[in-house]
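Everything on this sheet refers to the single structure shown next.
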There are 2 protein chains.
Amino acid sequence: MANKDTGKKKISESTIRRLSLYYRALSLLEKENYETIASKELAKREKLTPAQVRKDLSFFGSFGTRGLGYPVTELKHRIAKILGIDRIWNIAMVGVGNIGSALVSYKEFQRQGFSIKLIFDNDQRKIGSNHKGLIVSDIKDMPRLLREHNIQMVVLAVPAIVAQYIIDDVVAAGIKAILNFAPINLQVPDDVYLRNENMSMELEYLSFVISNHYKPKN
Amino acid sequence: MANKDTGKKKISESTIRRLSLYYRALSLLEKENYETIASKELAKREKLTPAQVRKDLSFFGSFGTRGLGYPVTELKHRIAKILGIDRIWNIAMVGVGNIGSALVSYKEFQRQGFSIKLIFDNDQRKIGSNHKGLIVSDIKDMPRLLREHNIQMVVLAVPAIVAQYIIDDVVAAGIKAILNFAPINLQVPDDVYLRNENMSMELEYLSFVISNHYKPKN
DNA sequence: TACTTATTGTGAAACAATTCACATACTCTG
DNA sequence: CAGAGTATGTGAATTGTTTCACAATAAGTA
């Protein structure tokens with residue numbers, strides 16, 4: 001009864017996001033030379049409940065040993081496979097402003113298997129310049145280059161005002177996954193997954209928490 | 001009673017985050033000279049249901065007029081007040097690496113009332129340098145400067161390896177809200193709200209979505 | 001004023017996520 | 001190799017969130 005993409009999905013987004021947490025925790029545990037880990041300890045490290053850890057994992061199979069726990073290295077690989085990070089993803093960065101160029105230099109992406117292969121901008125002064133060994137390409141060549149370099153994901157870090165115009169091109173080039181940093185609601189077809197990252201919203205949430213002495217439950 | 005706020009009903013994190021969306025939508029509607037907006041239209045713009053919009057708002061009061069909708073400008077101000085963004089927040093940026101310096105230049109923060117007042121680093125080569133009109137201070141002076149400049153929130157953009165050490169100082173300086181970009185689980189006391197922002201996790205989620213032909217529900 | 005239309009505000013219903021609790025099954029020790 | 005101990009895997013119970021559906025009520029109209 002494993003989940004596969006046959007029809008219905010019963011896996012929640014929260015479960016997937018926790019898988020990322022488990023993956024990071026397991027990488028650390030591996031370095032600490034743990035061979036096995038109990039749900040209790042894994043939960044403690046991620047501030048979750050043991051039942052939640054077990055339930056999350058159980059959606060994808062039965063990875064543990066009763067009385068002992070989960071094998072650290074194996075579970076790490078299994079989760080990598082589930083998340084689809086047991087490979088290298090080719091990324092393009094569109095927009096080389098503050099955020100874009102920071103992310104190009106962000107070593108964590110490379111470390112996690114997300115390899116930025118192309119950078120685009122529409123500013124003539126930026127086109128041709130070098131960022132961490134990559135030459136900024138003209139956004140006009142984007143459709144062709146995205147295909148030629150077998151890019152699977154795009155990070156969009158352009159001004160809000162041009163974001164829709166540019167994302168249309170990205171979609172037209174066949175990209176199915178986009179991480180957008182422009183603080184605007186963009187339209188994409190149903191079969192394209194667009195995730196919005198809005199840093200002001202994060203600060204607004206902090207603002208609410210301290211203004212209202214609100215105690216989030218996690 | 002986990003939540004304080006004088007015995008009010010429990011508000012979910014999702015509701016708060018949607019409040020940010022409504023706020024942004026209302027700002028736009030105001031520019032488009034709308035005077036009132038129905039939950040139906042507001043929902044459409046944010047890809048939510050009208051019932052959800054009304055329910056979210058109803059947690060905080062009764063802001064609309066039956067038969068007409070919500071008054072755009074007034075609702076915007078009410079939400080700003082609820083979120084605590086009807087004011088300027090003084091922020092300090094700790095760490096002037098890629099992410100840190102990008103965020104210092106990120107105009108959206110300023111625009112939303114989050115004003116970066118101080119920047120810190122521990123690298124002698126960076127201390128004293130100028131970033132967007134701000135001089136990078138020595139992290140050694142952080143406890144004193146945070147208090148002197150009445151800083152209320154800290155954005156942490158330092159390497160994971162030193163993050164715990166630095167956040168301890170931030171907490172000791174009396175800061176109650178921290179946005180952390182280091183991909184590591186930090187420990188803070190109960191009365192400090194720490195929010196983690198992990199960009200690799202966002203890409204991992206994209207990876208899962210396209211690897212499994214997963215259809216998120218929103 | 002009375003009538004029509006529109007849209008809110010909100011209990012109740014439906015749905016979703018988390019936690020509980022325990023049978024099951026494995027390890028470890030002597 | 002048996003008994004003690006431990007921790008998984010998972011239905012059931014609980015808790016949380018979203019959607020439904022409709023009474024209430026304001027605006028607009030004549």
Side-chain angles (χ1 to χ4, degrees), chain A residues 1-3 7-19 21-22 25-26 29 34-72 74-75 78-79 82 214-218, chain B residues 1-3 5 8-19 21-22 25-26 29 34-72 74-75 78-79 82 214-218:
Chain A
M1 200 67 173
N3 69 303
K8 280 194 170 174
K9 292 301 173 306
K10 50 178 308 202
I11 313 262
S12 71
E13 169 168 339
S14 338
T15 292
I16 308 307
R17 298 185 70 82
R18 284 191 297 268
L19 249 33
L21 296 178
Y22 303 151
L26 289 163
L29 286 162
Y34 279 69
E35 297 206 336
T36 58
I37 181 80
S39 59
K40 194 177 164 189
E41 169 69 10
L42 190 49
K44 195 178 149 209
R45 293 187 170 223
E46 295 300 325
K47 299 207 193 75
L48 301 166
T49 65
Q52 178 125 75
V53 171
R54 297 200 301 275
K55 183 66 99 182
D56 282 340
L57 296 175
S58 79
F59 287 126
F60 301 97
S62 165
F63 308 123
T65 304
R66 289 168 196 224
L68 190 61
Y70 299 91
V72 170
E74 197 202 320
L75 182 57
R78 299 284 216 119
I79 291 179
I82 294 164
Y214 179 75
K215 184 79 188 141
K217 72 157 177 298
N218 61 50
Chain B
M1 289 293 93
N3 289 349
D5 217 64
K8 271 186 190 170
K9 262 164 289 179
K10 212 205 127 238
I11 313 284
S12 72
E13 170 168 339
S14 335
T15 292
I16 308 307
R17 297 184 72 81
R18 284 192 298 267
L19 249 34
L21 296 178
Y22 303 150
L26 289 163
L29 286 162
Y34 279 69
E35 297 206 336
T36 58
I37 181 80
S39 58
K40 193 176 165 190
E41 169 68 11
L42 189 48
K44 194 178 150 209
R45 292 188 171 221
E46 294 301 325
K47 298 207 194 76
L48 301 166
T49 65
Q52 178 126 75
V53 171
R54 298 200 300 275
K55 183 65 102 183
D56 283 340
L57 296 175
S58 79
F59 288 127
F60 301 96
S62 165
F63 308 123
T65 303
R66 290 170 198 227
L68 191 60
Y70 299 91
V72 171
E74 196 202 320
L75 183 58
R78 298 284 216 119
I79 291 179
I82 294 164
Y214 178 75
K215 185 80 188 133
K217 73 163 173 305
N218 56 43

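Throughout, a chain's letter reflects where its sequence line sits, starting with A, and its residues are numbered from 1.
For the atom pair OG1 (B:Thr49) and CZ (B:Arg54), the distance works out to 8.0 Å, reported to the nearest 0.5 Å. The CG atom of A:Leu75 lies 5.5 Å from the CG atom of A:Leu57; values are rounded to the nearest 0.5 Å. Distance CG/A:Leu48 to NZ/A:Lys40: 15.5 Å, rounded to 0.5 Å. Summarising the geometry, atom CD belonging to B:Glu46 is positioned 9.0 Å from atom CG belonging to B:Leu26; distances are rounded to the nearest 0.5 Å. With rounding to the nearest 0.5 angstrom, the OH atom of B:Tyr22 is 7.5 Å from the OG1 atom of B:Thr15. Note: A:Ile37 CD1 to A:Leu68 CG = 11.0 Å, rounded to the nearest 0.5 Å.
Side-chain N/O atoms of A:Ser39 include none lying less than 4.0 angstrom from OP1 or OP2 on D:dA7. Contact annotation: A:Tyr70 side-chain N/O to C:dC26 OP1/OP2 distance is not under 4.0 Å. Remark: B:Arg18 is in phosphate contact with D:dT18, judged by side-chain N or O atoms under 4.0 Å from OP1 or OP2.
Using a 4.0 Å heavy-atom cutoff across all strands shown, A:Ala51 reaches at least one base atom of the nucleic acid. Looking at heavy-atom distances under 4.0 Å, B:Thr15 makes no contact with the nucleic acid at all.
Between the CD atom of A:Gln52 and the P atom of D:dG9 there is a distance of 15 Å, rounded to whole Å. Put simply, CZ on A:Phe60 is 14 Å from P on D:dT10, counting in whole angstrom units. Between the C1' atom of D:dT17 and the CD1 atom of B:Ile16 lies a distance of 14 Å, rounded to the nearest Å. Whole-Å rounding puts the B:Leu57 CG to D:dT18 P distance at 14 Å. Rounded to a whole Å, the CG atom of B:Leu75 is 14 Å from the C1' atom of C:dT7.
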Using a 4.0 Å heavy-atom cut-off, write out nucleotides 25-30 of chain D from 5' to 3' as B (base contacted by protein), S (sugar-phosphate only) or - (no contact). BB----
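Checking A:Asp56 against B:Pro50, the closest nucleotide of DNA chain C that is more toward the 5' end is the one next to B:Pro50.
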Close N/O contacts between protein and nucleotides 12-16 of chain C (under 3.5 Å):
none

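Helix-axis bend for the helix from C:dT1-D:dA30 to C:dG30-D:dC1: the local axis fitted to the five terminal pairs at one end deviates from that at the other end by 20°, rounded to 10°.
Side-chain atoms of A:Tyr70 never come within 3.5 Å of backbone atoms of A:Leu42 as a donor-acceptor pair (strictly under, hydrogens ignored).
With sequence neighbours left out, B:Arg45 forms a salt bridge (charged side-chain N to carboxylate O under 4.0 Å, His left out) with B:Glu32, B:Glu41. The salt bridge (charged side-chain N to carboxylate O under 4.0 Å, His left out) search around A:Arg66 returns none, not counting sequence neighbours.
Under the salt bridge (charged side-chain N to carboxylate O under 4.0 Å, His left out) criterion, the residue pairs touching residues 55-65 of chain A are A:Arg18-A:Asp56, with sequence neighbours excluded.
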